[in-house]
Amino acid sequence: NILGGYNSKLLKAYAEFDQRCLSLCLLVKIWAKVHKVVSVQRYFLSSYALNLMVINFLQTMKQHPILPSLQKESKKEEIIQVQRTTTNRNIEFFNSRVDFVTDSDIIKTLKEQYSQTNNLIDIDLLRKFFKFYSQPEKFQAVKLSIKEGKLLPRSTKKEEEFLYSIEDPFDPRHNPGDSLKRGSTQAKEFLAVMKKSYKLLKENKIQEAFQFLTL
């Protein structure tokens, strides 16, 4: 699971870039657990997928994005070969580019361009996060890419099945959004809880948004 190590380092780098990224990831994780809408085994999204959604949201805000793409801003190129056993027990190999910005001077410059131009606090961002992702029509034809720091066109017919298509930053054959199917009971529940939580936060009912909701 060599790519898992790179994923952990990349997520840590985003958390260190702006504290609000870490806070928002934690808030969304707690919210999802309270409302029981996280678990690949139950056909919801994983915590990892939710983290990628948070990062992409902070990258694609219309006014003053908080995060850049740390991969896109990288000035070097590091490619590794990955070996994987398929479901048919065949061995496959593929190359993955795993570099991202770590240089402190570049990070400092990027912070001046991104996070330091946005003064929104965690709860404001959480409210906007719920509003952003509770509009599924906006995501029917696009996939989330933290690698590019934007939304990309969906590239395969298979991706149309997912409520959110999410590009893995290092593994081109892994879609962390593939556990939540469009139109499923789980997708309807996920969207309903987000919409309700967004409404509660608009009314400044923060505590209620983190209490289990009976829909």
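Computation of the quantities below employed the complete heavy-atom set of this structure, encompassing side-chain atoms and omitting hydrogens, waters and symmetry-equivalent molecules. All values reported here derive from a predicted model rather than from experimental measurement. For reference, positions follow the sequence shown, starting with 1.
Here CG of Leu3 is found 10.5 Å from NE2 of His174. Values are rounded to the nearest 0.5 Å. To the nearest 0.5 Å, the span separating CD1 on Ile107 from OG1 on Thr102 amounts to 7.5 Å. Remark: Lys196 NZ to Lys205 NZ distance equals 7.5 Å, nearest 0.5 Å.
Here the shortest heavy-atom pairing between Leu10 and Gln71 reads CD2-OE1, 3.7 Å. Closest of all the heavy-atom pairs between Asn175 and Tyr164 is OD1-O, 4.4 Å. When every heavy atom of Ala209 is checked against every heavy atom of Leu201, the shortest pair comes out as CB-CD2, 3.9 Å. The shortest non-hydrogen separation linking Ser134 to Lys195 is O-CE, 3.2 Å. When all heavy atoms of Lys128 and Met61 are compared, the pair lying nearest together is CD-CE, 4.4 Å.
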Before giving the answer on side chain to side chain contact (heavy atoms under 4.5 Å, CB included), spell out for Cys21 and Ile66 the whole-Å C-alpha distance, their side-chain angles and the decisive distance to 0.1 Å. CA-CA 8 Å; Cys21 176; Ile66 289 175; over 6 Å; no

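Counting only residues at least two apart or in different chains, salt bridge (Lys or Arg N to Asp or Glu O under 4.0 Å) contacts with residues 170-187 comprise Arg84-Asp171, Glu92-Arg173, Glu161-Lys181. Pairs of residues two or more places apart, or lying in two chains, that qualify as side-chain hydrogen bond (donor to acceptor under 3.5 Å, both in side chains) and include a residue from residues 44-55 are Asn7-Tyr48, Tyr48-Asp168.
A donor-acceptor pair under 3.5 Å is absent between the side-chain atoms of Gln81 and the main chain of Phe93, judged by distance alone. Listed for the Thr109 side chain is a donor-acceptor partner under 3.5 Å among the backbone atoms of Asp105. A distance-only check finds no donor-acceptor pair linking the side chain of His35 to the backbone of Phe190 [under 3.5 Å].
Tyr43 OH: 12 or fewer foreign heavy atoms inside a 6.0 Å radius. Heavy atoms from other residues, nucleotides or ligands lying under 6.0 Å from CD of Glu112 number more than 12. By the 6.0 Å contact criterion, CG on Asn119 is open, its count of non-hydrogen atoms from other residues, nucleotides or ligands being 12 or less.
Taking the six-membered ring for Trp and the full ring otherwise, Tyr198 and Phe132 have centroids separated by 6.0 Å or more.
Looking only at atom types and distance, the side chain of Glu159 has a donor-acceptor partner in the side chain of Ser155 under 3.5 Å away. In summary, the side chains of Gln59 and Tyr14 do present a donor paired with an acceptor at a separation below 3.5 Å, with no hydrogens or angles considered.
One finds a salt bridge joining Arg97 and Glu77 here, because a Lys/Arg side-chain nitrogen approaches an Asp/Glu carboxylate oxygen to under 4.0 Å.
Counting only heavy atoms from C-beta outward, the side chains of Leu144 and Tyr133 approach each other to under 4.5 Å. With contacts defined as side-chain heavy-atom distances shorter than 4.5 Å, the pair Pro176/Leu52 qualifies.
The only option from Asp122, Leu58, Asp18 that meets the side-chain contact (heavy atoms from CB on, under 4.5 Å) definition with Leu24 turns out to be Leu58.
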